[in-house]
Amino acid sequence: MGKLVPIFVLLGTSVLWGASWLPLKALNTQGANGLALIACAYALLAVLVLPWLWRQRKSAVDLKWLFAIALFGGAANVCFSYAIIYGDVVRVMVLFYLLPAWGVLGGYFILKEPTQGYRWCGVIMALAGAFIILGGPKIFSQPFNYLDFIAIAAGLLFTASNLVFRGVTQVSLAPKLFALFIGSSLMALFLLPAGQSWANESFPLGWVVLYACTWLLIANWGSLWAITQMPAGRAAIILIMELITAVITQVIFTHHTLHLYEWIGGGLILAAALLEVKAAQQAEPL
């Protein structure tokens, strides 16, 4: 039963991440500016984790790696949340899930890893899926959509953050979480337009506190704890539940009808993700 706990935790938190657009868009319509909402919510999480951080302070010795978590993880959280708040949910999630392509390209060009042929097929499928989702040949003539760029950047940054988070084994979970939370808050504050403050009369502070201390805390802590408790291949296939949840919830709550090109593009990216799962499982020790 002990081995099943991380699986159920990751499955549950993947559903929370996939449906996170519901509270984020709701809070935004109540008056919470996207960046101000992100800054406030993650600042609250940083405060909540302080007592736990104090108990594990002796493991917080690798400051350069904690800074890397704050930088990459903070930027990934800000990009993902901002794109979800202001963009089309399915489009953002599909572009975010270009993760297989970034993993293969980074491994080949940066880490000089040998790469099997079917993984290159996955890269081609993922990029082709993104090309279709973005409008096919029309992307060369239509206006640039900055939210698409932010969604793609979120996936890139998440890949880098996840590598650092998993690789720094000598640092306990609490310092890593604190670095992630404070990095997310400071990044959002830094990007706030000059002179703009989140503390306006319409800011729903009570609802933001409730969201941060429940939904956001459980989603962050649960997913980051669970992925360190299981092989990467198993975690990767469970994380696909985020994309599935996002599509299902948008169809249910907004009566959104998926176009044929969205099914084709999303299917290609999902197939590429499954190929990466296969690669990760083959690399794991028996």
Do [X] and [Y] belong together in a cluster built from hydrophobic side chains that touch within less than 4.5 Å?
{"X": "I252", "Y": "I244", "value": "yes"}
{"X": "I124", "Y": "I152", "value": "no"}
{"X": "I38", "Y": "F72", "value": "no"}
{"X": "W54", "Y": "F178", "value": "no"}

Begin with the C-alpha distance, continue with both residues' side-chain angles, and end with the deciding distance and a verdict on side-chain contact (heavy atoms from CB on, under 4.5 Å) for L16 and E242.
CA-CA 8 Å; L16 287 179; E242 291 181 21; over 6 Å; no
Find out whether [X] and [Y] are in side-chain contact, i.e. whether some heavy atom of one side chain is under 4.5 Å from a heavy atom of the other.
{"X": "L37", "Y": "N33", "value": "no"}
{"X": "L44", "Y": "V47", "value": "no"}
{"X": "V15", "Y": "M241", "value": "yes"}
{"X": "C213", "Y": "L48", "value": "yes"}
{"X": "L210", "Y": "W215", "value": "no"}
{"X": "L22", "Y": "F253", "value": "yes"}
{"X": "I150", "Y": "Y86", "value": "no"}
{"X": "L180", "Y": "N77", "value": "yes"}

Would you say [X]'s side chain and [Y]'s backbone share a donor-acceptor pair under 3.5 angstrom?
{"X": "S185", "Y": "I182", "answer": "no"}
{"X": "N28", "Y": "L24", "answer": "no"}
{"X": "Q56", "Y": "A174", "answer": "yes"}
{"X": "S81", "Y": "V78", "answer": "no"}
{"X": "K25", "Y": "I84", "answer": "yes"}
{"X": "T245", "Y": "G18", "answer": "no"}

Spatial distance of atom [atom1] ([X]) from atom [atom2] ([Y]) [nearest 0.5 Å]:
{"X": "L35", "Y": "C40", "atom1": "CG", "atom2": "SG", "answer": "13.0 Å"}
{"X": "M93", "Y": "F80", "atom1": "CE", "atom2": "CZ", "answer": "4.5 Å"}
{"X": "F67", "Y": "I69", "atom1": "CZ", "atom2": "CD1", "answer": "12.0 Å"}
{"X": "L71", "Y": "S184", "atom1": "CG", "atom2": "OG", "answer": "10.5 Å"}
{"X": "L186", "Y": "L191", "atom1": "CG", "atom2": "CG", "answer": "11.0 Å"}
{"X": "M187", "Y": "L157", "atom1": "CE", "atom2": "CG", "answer": "8.0 Å"}

Above 12 or not: heavy atoms from other molecules or residues under 6.0 Å from OH of Y82?
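Atom OH in Y82 is packed in, count exceeds 12.
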Is it the case that atom CH2 in W207 sees more than 12 heavy atoms from other parts of the structure closer than 6.0 Å?
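No, because the 6.0 Å sphere around CH2 of W207 holds 12 heavy atoms or fewer from other groups.
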F158 and F96: aromatic ring centres closer than 6.0 Å?
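Yes, close enough.
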Taking all atoms of both residues into account, what is the closest heavy-atom pair of [X] and [Y], and its distance?
{"X": "S161", "Y": "G73", "answer": "OG-CA, 3.3 Å"}
{"X": "Q250", "Y": "V90", "answer": "OE1-CG2, 2.7 Å"}
{"X": "I85", "Y": "G34", "answer": "CD1-CA, 3.8 Å"}
{"X": "P175", "Y": "L66", "answer": "O-CD2, 3.6 Å"}
{"X": "A226", "Y": "L10", "answer": "CB-CB, 3.7 Å"}
{"X": "A212", "Y": "A41", "answer": "CB-O, 3.6 Å"}

Where do L268 and W263 land on the side-chain contact (heavy atoms from CB on, under 4.5 Å) test, with the steps shown first?
CA-CA 9 Å; L268 285 169; W263 282 108; over 6 Å; no
Relative to the ring of F181, is the ring of Y42 parallel (under 30°), tilted (30 to 60°) or perpendicular (over 60°)?
tilted
Using the ring of each side chain (for Trp, its six-membered ring), is W225 parallel, tilted or perpendicular to W221, with breaks at 30° and 60°?
parallel
Test side-chain contact (heavy atoms from CB on, under 4.5 Å) on D148 and R91 and set out the steps.
CA-CA 8 Å; D148 291 338; R91 188 180 180 95; 2.8 Å; yes
Just checking, any donor-acceptor pair under 3.5 angstrom between side chains of W21 and T249?
yes
